[in-house]
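Model, not experiment: these values are computed from the prediction. Chain identifiers are assigned alphabetically (A, B, ...) following the order of the sequence lines, protein sequences preceding nucleic acid strands; residue numbering begins at 1 within each chain.
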Amino acid sequence: MPEGHVIHRLARRLTEAFAGEPVAAASPQGRFSEGAALLHGRPLLAAEAHGKHLFAGFPAGWLHVHLGLYGKFAWGEPPAPAPVGQIRLRLVGEKAYCDLRGPTVCELLTPGEKDALHARLGPDPLRPDADPDRAWATVSRSRQPISALLMDQKVVSGVGNIYRAEVLFRHRIDPRKAGKDLTPREWKAIWADLVSLMADGVEAGRIDTVRPEHMPEAMGRPPRVDAHGGEVYVYRRAGLPCLVCGLAVRTESLQARNLFWCPGCQNSP
DNA sequence: TGTCAATGCTAAG
DNA sequence: TTAGCCTTGACAA
């Protein structure tokens, strides 16, 4: 489930598992054999995330991974079993091993190339160096809908389809509202909420956005079994009643992504 | 067993 | 705007 919180969690886990010790690296699938050979036998020096991009520093350079839609790390304790299926990269240390499957990107970068990548990414609510004013400078001048701007990694990085839908709902903002029509106050609230929601996501390993007072139990309704693993207001709840006002949640395809919102709670004149 | 959609993004057209 | 990447889980048959 790779939105930004997953990547930050991964950076943390890589550090815990492999920092400071020699790591065995291989590409059983073969598509990253050259890179793996360069990493092999050297220690992990550092790991960090910027938005949905994962960086792991080795003496040979920065391993850069982007999971895309279905990329995934699987973890276990050594000894690692014989590879099954398409494993792009396997890292094995003393305490743990991990298998990377299906990433959009798995490559080795020079420090300069890594810097260039950071430069084209917008501020990440999960990074202490993030500057929300930089994003606001773009948002406040854009005719694009805020729902599109939040998904644009050049504007804000790390927000995916779930956080986008949920943060707009939590602030009752119509997803079709243009960036330039947002008030500074609305933007500040969105940003602060992303910082808090995504930090919770890193800790919990899942996305929960429903305030306690809106949980079904608190509303006098039976508890809900949520299919995707977190408690959310609108994401993938099309046709179901809004947890706050009861109107049916709507969905619409916007720039090839499914947008979800409540027409009652998020309705700007 | 098969089909589809998915938390993302890029390159081709 | 669309196809493609390459994987998984949910659901239909």
- Should A:Q153 be listed as having a side-chain N or O under 4.0 Å from OP1 or OP2 of B:dC9? yes

- Message: It should be established whether A:R257 places a side-chain nitrogen or oxygen under 4.0 Å from OP1 or OP2 of nucleotide B:dA6.
- Response: no

- Note on the structure: A:H8 atom NE2 is separated from B:dT7 atom P, nearest whole Å, by 20 Å

- Could you tell me whether A:E203 and A:R9 make a salt bridge, using a distance below 4.0 angstrom between a side-chain N and a carboxylate O? no

- Query: What's the closest nucleotide to the A:T104 side chain, out of C:dT7, C:dT2, B:dG8?
  - Reply: B:dG8

- Item | Test side-chain contact (heavy atoms from CB on, under 4.5 Å) applied to A:L100 and A:V65, step by step | CA-CA 9 Å; A:L100 170 63; A:V65 173; 4.0 Å; yes

- In whole angstrom, give me the gap between the P atoms of B:dC4 and C:dG4. 15 Å

- Is a side-chain N or O of A:R141 found less than 3.5 angstrom from the main chain of A:A137, in a donor-acceptor match? yes

- Query: Roughly how many Å is it from CZ in A:R236 to C1' in C:dG9, rounded to a whole number?
  - Reply: 10 Å

- Query: How long is the line joining CG of A:D99 and C1' of C:dT7, in whole Å?
  - Reply: 14 Å

- For B:dC9, take OP1 and OP2 only and decide whether either is under 4.0 Å from a side-chain N or O of A:K52. yes

- Which one, C:dT7, B:dG8, C:dT2, comes nearest to the side chain of A:L69? B:dG8

- Item | Gap between atoms CZ and P, on A:R101 and B:dA6 respectively (whole Å) | 24 Å

- Task: To the nearest Å, give me how far apart CG (A:L117) and P (B:dG8) are.
- Result: 17 Å

- Item | A:R9 CZ - B:dT7 C1' separation (whole Å) | 15 Å

- Under 4.0 angstrom between A:N258 side-chain N/O and B:dA6 OP1 or OP2: yes

- Task: Check for a donor-acceptor pair, side chain of A:Q266 on one end and backbone N or O of A:C262 on the other, with a separation under 3.5 Å.
- Result: yes

- Task: Between C:dT8 and B:dT10, how far apart are the P atoms? Round to whole Å, please.
- Result: 23 Å

- Query: Within the pair A:Y70 and C:dC5, is there a side-chain N or O less than 4.0 Å away from OP1 or OP2?
  - Reply: no

- Item | Note: A:K95-A:E21 ion pair, threshold 4.0 Å (strictly below) | yes

- Query: Within the structure shown, what part of the strands sits under 4.0 Å from A:Q255 by heavy-atom distance: base, sugar-phosphate, or nothing?
  - Reply: nothing

- Query: To the nearest Å, how far apart are A:K72 NZ and B:dA6 P?
  - Reply: 17 Å

- Using whole Å, report how far NE2 of A:H66 lies from P of C:dC5. 18 Å

